[in-house]
Structures are given as structure tokens and as C-alpha cells.
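Because only heavy atoms are used, hydrogens play no part in the values below, and waters and symmetry mates are left out as well, while side chains stay in. Reminder, nothing fancy here: chain letters follow the sequence lines and each chain counts from 1.
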Protein chains: 2
Amino acid sequence: MSRTLKNIKHDDDLKQIARFAKALGHPTRLIILKYLDNKNCCFTGDLVEVLPIAQSTVSQHLKELKEAELIQGEVNPPKIKYCINQKNWEKAKKIFCEFFK
Amino acid sequence: MSRTLKNIKHDDDLKQIARFAKALGHPTRLIILKYLDNKNCCFTGDLVEVLPIAQSTVSQHLKELKEAELIQGEVNPPKIKYCINQKNWEKAKKIFCEFFK
DNA sequence: AAATCTTATCGTAAATTTACGATAAACTAT
DNA sequence: ATAGTTTATCGTAAATTTACGATAAGATTT
């Protein structure tokens, strides 16, 4: 594959898009993001009440969204308050729109 | 989870977004889509030349993009000409922009 | 100190994904 | 007919994902 400096930068972009897209690639995670977007913030338990899956599975999906940096968790013992990571949310929006041109 | 008619429709949307996002969730597939977008159309062999992975793996990625209906293949023996599925490409664009609001 | 609450993590199983080489299928050219 | 070209599919292995129940960790309340 051709490897100009331009292409390498482009590759990095594509990797970032793929990383975001992968995180968005499960219905449950989209529901979580929509929920967070509506309610602004919520606790894990709020999602567990609303989703038809086990608590541990919800926690796992939250972890993936956190690792993709699309959400962030703030410790508020014994609860953890999750919110959308606005900075990266905007970045995702931008990067996707750009990708689709 | 609450299940009004509205929510069920919404769920379908989310499933469709997840389906598209999953297909976009690998750098190689993004490169393929970008390539197709630039060149309009191409043969499998063109991609194999350009990508640092085996022919069978390229074919597998093409299959996934085809199954997500983001591309389509037209037999042109013994080659197969791939193009972006414009209808669904537009749908993806729309659906993603809507999701990000 | 003990019980309770909330959520992450562990262990595990099943399914899916990613990658490869080898082979088959389908058509063209010699 | 034979050889060559192109690309899908098969078989397989390793890694990752998805889901669950059980348990641990961390803090509060009793």
C-alpha cells in the first residue's frame, strides 16, 4: 500500500473512526448513548432498570464506551455517574460527517 | 424496558445504525469504502494490490460490507466490479447525522 | 461492627471476527 | 482442450465479543 505522510495521517483518522464505529456497533450501546444524551447523566443502576440484560453486561458495555472515550464516569460513591464525553462526542460527529463527506 | 410503538420503531433504527457502525468498525473496511468512493468502482484485485493483507481476507471484508449493504458487486466475468451502494450510503449518512443530532 | 447498596471484575461459555493458505468456480485466451 | 485469470469459499486457528452468575470492592447506614 502506498505510504506517503499524508496517507499515514489519514490512516490514523481511519483508525479513530473505526474505534468509534466499533463502539457504536451494538444496539445496547446505542441505547445507552441515547439515554445519556436525553438524561444528560445517569447511574449504572438506571440503565440496568431499563435494559433487558444483566447488570454485569451493562457494566461491560459501559466499559467499552468508556474505553472508546465516548462516555466518562465520575465516582460518586457508592454510585458512578456516567455522562457523554462531550469533547469526543463532538469529535465523533465531526469525523463521521467528514468521512461521509 | 418500556415498549411503546414509538420505541419499537426507534429500536429498529438503532439496530440499523448498529449494523452500519459494525461494518464501519474496522480500518480495512474504511479504507475500502474510501477507495471505492474515490475511484467510483473497482475490482477485488485492485484492493488486494493496495492492501497489506491476503486476498481471501480482502474478499471477506468485501463480503461483510456487502452484507451490510454498504457496497454492491456486479459480476463482470471473471472479475467482479464493486461500487458503493449509493442508496444505503445516503441512508447511513442520514441515520448517523440524525443519531448525533 | 454489621448489614446494605452500587457497581466493577472474575470466571466461564458460546458465538463471532479476523486472518491465512488452499482450493474451487467461472470465465477467457491460447 | 488446456492454461491462465480472478475471486469466492472452505477449513482452520487465534483473538475478541457477548452474555451470565458469582463475587469483590468501596462507600453508607444502621
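The interatomic distance linking B:Lys63 (NZ) with D:dT9 (C1') rounds to 7 Å, in whole Å. Here the C1' atom of nucleotide D:dA15 and the CD atom of B:Gln60 are 14 Å apart, to the nearest Å. Taking atom CD of residue A:Gln72 and atom C1' of nucleotide C:dA8, one finds them 18 Å apart after rounding to whole Å. A straight line from CG of B:Leu51 to P of C:dA19 spans 10 Å, rounded to a whole angstrom. Computed from coordinates, the A:Glu74 CD to C:dT7 C1' distance equals 15 Å when rounded to whole Å. Atom C1' of nucleotide D:dT7 and atom CD1 of B:Ile32 are separated by 14 Å, given to the nearest angstrom. As rounded to whole Å, 11 Å separates atom P of C:dT18 from atom CG of B:Leu30. Atom pair A:Lys22:NZ and D:dT16:P shows a separation of 8 Å (rounding to whole Å applied).
Note on B:Phe99 and B:Ile95: same hydrophobic cluster, where clusters join Ile, Leu, Val, Met, Phe, Trp and Tyr whose side-chain heavy atoms are under 4.5 Å apart, directly or indirectly.
Between the side chain of B:Gln55 and the base of D:dA8, a donor-acceptor pair under 3.5 Å is found.
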*I would like to know whether A:Lys87 and A:Glu69 meet salt bridge (charged side-chain N to carboxylate O under 4.0 Å, His left out); could you show each step before the answer?*
CA-CA 9 Å; A:Lys87 184 170 146 273; A:Glu69 294 178 289; over 6 Å; no
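Using a 4.0 Å cut-off, some side-chain N or O of B:Tyr82 falls inside it from OP1 or OP2 of D:dA8. The phosphate of C:dA19 (OP1 or OP2) has no side-chain N or O of B:Thr57 nearer than 4.0 angstrom. Look at A:Ser56 and you won't find any side-chain N or O under 4.0 angstrom from OP1 or OP2 of D:dA19. Residue A:Ser59 has no polar side-chain atom (N or O) positioned under 4.0 Å from OP1 or OP2 of C:dT9. Remark: B:His61 is not in phosphate contact with C:dT17, judged by side-chain N or O atoms under 4.0 Å from OP1 or OP2. For B:His26, no side-chain nitrogen or oxygen approaches OP1 or OP2 of D:dA15 to under 4.0 Å. Dashed line: the shortest gap from a side-chain N or O of A:Lys81 to OP1 or OP2 of C:dT6 is not under 4.0 Å.
At a threshold of 4.0 angstrom between heavy atoms, the contacts of B:Lys66 with the nucleic acid are absent.
Place A:Glu64 and A:Pro78 on DNA chain D by their nearest nucleotides, and A:Glu64 ends up nearer the 5' end.
Considering only the side chain of A:Ile53, D:dC20 comes nearest among C:dT16, C:dT7, D:dC20. The side chain of A:Lys79 approaches C:dT6 more closely than any other nucleotide in the set D:dT9, C:dA8, C:dT6.
To the nearest 0.5 Å, atom SG of residue A:Cys41 and atom CD of residue A:Gln72 are 8.0 Å apart.
Judged purely by atom type and a 3.5 angstrom limit, A:Arg29 has no side-chain atom pairing as donor or acceptor with the backbone of B:Ala18.
Aromatic ring centres of B:Phe100 and A:Phe96: separated by under 6.0 Å.
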